[in-house]
Amino acid sequence: MTAFLTNFFLRAYYSYKGLFLWLNWTAFISNVFIAPVVFVVIVTLTGRFAGQSDSANSYVIGMATYAIPVILSGGILQSFCYERTFGTLSLIYASRSNRWVTYWSKGLLHYPNALLAASTSLFFGWLLLDLDFSGLSWPALIVLLLVISFSCLCFCLFMGNFAIALREWILPAAIANGIVLITSGVVVPIDQLPGFLGEIGRVVPLTHGLSALRAAFEGASLGDVIDDIVYELVVGLSYLIAGGLLFSLLEANAKRTGTYESAI
Amino acid sequence: MNRDFAIECESLGRIYRSGSIPGRGRETVALSDLTVQVPNGVVFGLLGPNGAGKTTTIRILSTLLTPTSGSARVLGYDVVKQAKQVRERIGFILGGDRGLYGRLTGKQNVRYFGALNRLNPKTAKRRANELLERVGLASAADTLVEEYSRGMKQRLHIARGLLTDPEVIFMDEPTIGLDPMGAQELRQYIPELVGQGKTILLTTHYMLEADMLCDEIALIDRGRLVALGTPDEIKRNFSRLTIFEIVVNQTTETLTAELSNIDGVQHVEASAEGIFQKITIAVKAGVDARDKIQATIGVQRIENLVARDPTLEEAYVSILT
Ligand SMILES: Nc1ncnc2c1ncn2[C@@H]1O[C@H](COP(=O)(O)OP(=O)(O)OP(=O)(O)O)[C@@H](O)[C@H]1O
Ligand SMILES: [Mg+2]
């Protein structure tokens, strides 16, 4: 068992270090800290300018949590895409490893970055935009950040398959972020979206976690939002399983077509 | 389950289809109807020109590619249906610039591979150090691979391919890019591995290397088997050539052309040898051209004449042209 865990962490660490090209000070600080904060400020100020000043809290919370899928999609989709670009995918495809373990290990070390990005954004929301923490249930905040990051991680692992198939990560990352931004209620409340977009929102990560988080800032306790937490977890787990299956399908397809050796 | 053979290919075939529009794609027959059997504990050479299907064969045998026809077994396990059992027992060295993480050090690349293949972390660490030492990368083990030269990358591929201590090893042009010392060290290492009971399937474009290392050779061309046997059998039976090496003390401008016109002569090559001239003539086996050659050159000009079997390279060229 310890051998299994050691190997799992070694793989998570090496695939993070080997494939995450933002892993240098400039890229890391600008992507994990600066960019999310700038987004929060821009959207909140735009909202205020548009006369929705009572929604300021809602914008800050929405955009701060939106930093989670953004940082995760960037990191995780890179790591899938470059696995193909670098020609190291065949190491996995010919290895003795369990494919599910391989697939999950790719997300592990990106998880803390998501928590970091969201917490920083909330902090600067308080510092610059008067985000009101007075009624907040702190246990609910902590649990919700953990759960939202988990479900977004699962979603990004799922999207990672498209980065392999397309040999490209920027497009699938933009699609993943776009879907979450539009349909999960980050800016526009989900009940005001045109019908089908609202329906999509129900099966997208962040939606339920975010609505629970907004409630928590209004004073709802952990117990009050437990339904949303469970829902968010179920959404995450569904993507985790669907993504793992897709990963196996891709492998079978790679061996059938023989084209995955090529990176361009 | 037949365990007399480490590797068995039965009518193995592979067609690549490219282009995504159905009906409009191109088809490449990379391998067709390849049947070979590789006994346990030998070095088996897979030779053939560029695009012959050698890498394709190795990718099929290492479970990276499914055949489009026929079947293959490694240590008795089907490479498609029992891929898992096959993977537990094989190692491969595909070489090249790709397939490594440039942002990790040499040692980290090898340790990642160990973890990926579920080796015991302690064993993996020890073997990684041993193998890096063995391939001459000990002092560069902690350098990032993006700073490696081509030959250093090739050495790393070799160390990694051997990490799991596999029973069957596929080596695709393992000495490519290695300096003469590195190539020699590997050529000494291969018999050692076979001595431990391992079976090695090797491709190479260096005929001397193949001749030196291989117990058996399959020559393939455009996906088809054209010759199979020990190096000596390939030289004698398949090439059907006799080579005359003649040292002459005097030559004429037209001599090479005249010699080429003799019945049965396939190829003439002249080179300087000290103050003399050396002429190498490839003659079809069974044709007695000795007298005609002597007459054409002129007996008084001949310092020395020997007939010998072709080298593997000469045999290769004659079989494939
Ligand atoms: N992914 C692919 N898609 C389409 N055709 C391919 C692919 N890989 C190989 N081929 C074709 O299959 C044939 C055999 O290629 P292969 O790589 O097996 O040759 P090889 O014997 O290893 O050659 P070399 O000595 O140059 O390494 C070639 O015609 C090649 O163009
Ligand atoms: Mg090749």
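To find a chain, count down the sequence lines: A is the first, B the second, and so on, and within it residues start at 1. Every heavy atom of this structure was used, including side-chain atoms; hydrogens, water molecules and symmetry mates were not.
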Do [X] and [Y] have side chains that approach each other closer than 4.5 Å (heavy atoms only, starting at C-beta)?
{"X": "B:Arg98", "Y": "A:Phe86", "value": "no"}
{"X": "A:Arg96", "Y": "B:Asn117", "value": "yes"}
{"X": "A:Leu91", "Y": "B:Phe113", "value": "yes"}
{"X": "B:Arg103", "Y": "A:Leu21", "value": "yes"}
{"X": "A:Arg256", "Y": "B:Thr68", "value": "no"}

With only heavy atoms counted, which part of A:Ile92 is less than 4.5 Å from chain B, the side chain, the backbone, both or neither?
->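 Contact with chain B: backbone and side chain both.
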Using non-hydrogen atoms and a 4.5 Å limit, figure out which bit of A:Thr257 sits close to chain B: side chain, backbone, both or neither.
->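 Just its backbone gets close to chain B.
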Has the side chain of A:Asn7 got a donor or acceptor atom that lies under 3.5 Å from a matching backbone atom of B:Leu119?
->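 Here the side-chain-to-backbone pair exists.
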Donor + acceptor pair across side chains of A:Glu83, B:Tyr101 (<3.5 Å) |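 Yes.
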Within 6.0 Å of CD in B:Glu10, more than 12 heavy atoms from elsewhere =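 Open: at most 12 neighbouring heavy atoms sit under 6.0 Å from CD of B:Glu10.
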Answer yes or no: does atom NZ of B:Lys107 have more than 12 heavy-atom neighbours from other residues, nucleotides or ligands under 6.0 Å?
->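 Open.
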Full working for side chain to side chain contact (heavy atoms under 4.5 Å, CB included) between A:Lys17 and B:Gln108 = CA-CA 10 Å; A:Lys17 185 161 183 281; B:Gln108 288 172 334; 3.5 Å; yes
Who passes side-chain contact (heavy atoms from CB on, under 4.5 Å) against B:Glu27, sequence neighbours left out?
->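 Once residues adjacent in sequence are excluded, the partners of B:Glu27 under the side-chain contact (heavy atoms from CB on, under 4.5 Å) criterion are B:Ile15, B:Arg17.
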Measuring from B:Ile60:CD1 to A:Lys255:NZ, what's the distance to the nearest 0.5 Å?
->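 Going from the CD1 atom of B:Ile60 to the NZ atom of A:Lys255 covers 12.5 Å.
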List the atom of B:Leu104, the atom of A:Gly18, and the distance in Å for their closest heavy-atom pair.
->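 Smallest heavy-atom distance, with atoms named: CD2-N, 3.8 Å.
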